[in-house]
Amino acid sequence: MFVNVLLIAVVLAAGLYGYYLVSRLDNWAAGEKEQNLKEEEAQSGEACAILFGSGRQIRQLEGWVENYGLVPIVIDEVSLQREWTNIRLVIAASPSDEDNLSICHLIQKMYHTKQAYGICNDQINYIMYKRFHIHVLDEKTEITQQLELLFRRNEAGIA
């Protein structure tokens, strides 16, 4: 009797774990499909923004970028595609200054993007950000608020 109960518990646990794995796989596939759709939109000529990094900040930035009428393209590693067109801005929010500088500078050169924003994690690298004309964001302050202020300042300078 005890062996049968133990066997049922093992089978039930294996079934639940299998269900968990399948649901995670479905979530991953849905995320990949959404990312592919966004990249196709980027190739169609709509105004786009490259968001580099991962985590909570990137999810907030996605919503902020969409509010400005741009299609967000989220990448979590330094990779570019020649098919991307009409890239308006790049925001690099990873914990690595080297990656942030690399992605901002590459996108500026390849896509002739004027607006590049990056989080400077180490003040030693601040001069490099300025040399490459990358607006420095402070990771301690809300990034979307900093971007709002920078955008308003740019609009005031244009008017």
Side-chain angles (χ1 to χ4, degrees), residues 20-159:
Y20 167 76
L21 290 177
V22 168
S23 68
R24 295 281 300 193
L25 183 62
D26 287 343
N27 290 341
W28 175 79
E32 285 293 313
K33 185 176 181 180
E34 182 179 327
Q35 183 65 27
N36 288 339
L37 287 173
K38 286 183 180 179
E39 288 182 6
E40 286 174 11
E41 288 175 358
Q43 294 171 4
S44 70
E46 291 186 48
C48 300
I50 302 291
L51 305 176
F52 175 69
S54 61
R56 181 186 59 84
Q57 289 178 333
I58 294 299
R59 287 190 294 277
Q60 286 177 340
L61 288 170
E62 275 186 278
W64 184 83
V65 164
E66 287 173 346
N67 287 341
Y68 272 90
L70 301 172
V71 176
I73 300 173
V74 178
I75 56 176
D76 58 359
E77 57 186 30
V78 179
S79 64
L80 304 174
Q81 294 186 11
R82 286 215 173 268
E83 294 83 26
W84 290 342
T85 58
N86 206 10
I87 303 295
R88 293 277 173 90
L89 66 97
V90 58
I91 303 171
S94 78
S96 169
D97 281 346
E98 292 82 9
D99 289 345
N100 290 344
L101 283 164
S102 297
I103 197 75
C104 286
H105 189 64
L106 282 172
I107 289 176
Q108 283 177 328
K109 291 295 182 190
M110 286 183 66
Y111 303 107
H112 307 289
T113 304
K114 300 290 185 226
Q115 295 178 334
Y117 304 91
I119 292 180
C120 182
N121 299 297
D122 189 357
Q123 290 302 320
I124 294 172
N125 297 323
Y126 184 81
I127 295 170
M128 293 299 293
Y129 280 85
K130 291 301 178 186
R131 181 175 293 157
F132 290 128
H133 305 288
I134 300 169
H135 297 281
V136 177
L137 301 173
D138 182 19
E139 67 178 331
K140 296 176 182 109
T141 311
E142 188 68 33
I143 292 177
T144 54
Q145 291 174 353
Q146 293 177 64
L147 288 169
E148 284 289 335
L149 291 172
L150 287 169
F151 267 58
R152 286 186 185 152
R153 190 179 311 152
N154 285 344
E155 289 173 0
I158 293 171

Mind checking side-chain contact (heavy atoms from CB on, under 4.5 Å) for Arg24 and listing every partner two or more places apart, or none if nothing turns up? Tyr20

Holding to side-chain contact (heavy atoms from CB on, under 4.5 Å), I want the full list of residues that pass it with Asp122, two or more places apart in sequence or in another chain.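 In terms of side-chain contact (heavy atoms from CB on, under 4.5 Å), with neighbours along the sequence ignored, Asp122 is linked to Asp97, Ile124, Asn125.
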
Where is the tightest heavy-atom contact between [X] and [Y], given as atom of each residue plus distance?
X      : Y      : result
Pro72  : Leu51  : CB-CD1, 3.9 Å
Gln57  : Ala93  : OE1-O, 3.7 Å
Gln146 : Val136 : OE1-O, 4.4 Å
Thr113 : Val90  : CG2-N, 4.4 Å

For [X], all residues meeting side chain to side chain donor-acceptor pair (under 3.5 Å), sequence neighbours excluded:
X     : result
Ser54 : none
Asp99 : none
Ser94 : Asn100

Between [atom1] of [X] and [atom2] of [Y], what distance do you get to the nearest 0.5 Å?
X      : Y      : atom1 : atom2 : value
Phe52  : Leu61  : CZ    : CG    : 13.0 Å
Leu89  : Leu70  : CG    : CG    : 5.5 Å
Met128 : Lys130 : CE    : NZ    : 13.5 Å
Ile134 : Gln115 : CD1   : CD    : 13.5 Å
Ile50  : Tyr117 : CD1   : OH    : 14.5 Å
Leu21  : Asp26  : CG    : CG    : 11.0 Å

Side-chain heavy atoms of Val65 within contact of Tyr68, under 4.5 Å: no

Hey, can you pull the donor-acceptor pairs under 3.5 Å for the side chains in residues 103-111, sequence neighbours left out?
| unit_1 | atom_1 | unit_2 | atom_2 | d |
| --- | --- | --- | --- | --- |
| Gln108 | NE2 | Phe132 | O | 3.4 |
| Gln108 | NE2 | His133 | O | 3.3 |
| Tyr111 | OH | Gln81 | N | 3.4 |
| Tyr111 | OH | Gln81 | O | 2.3 |

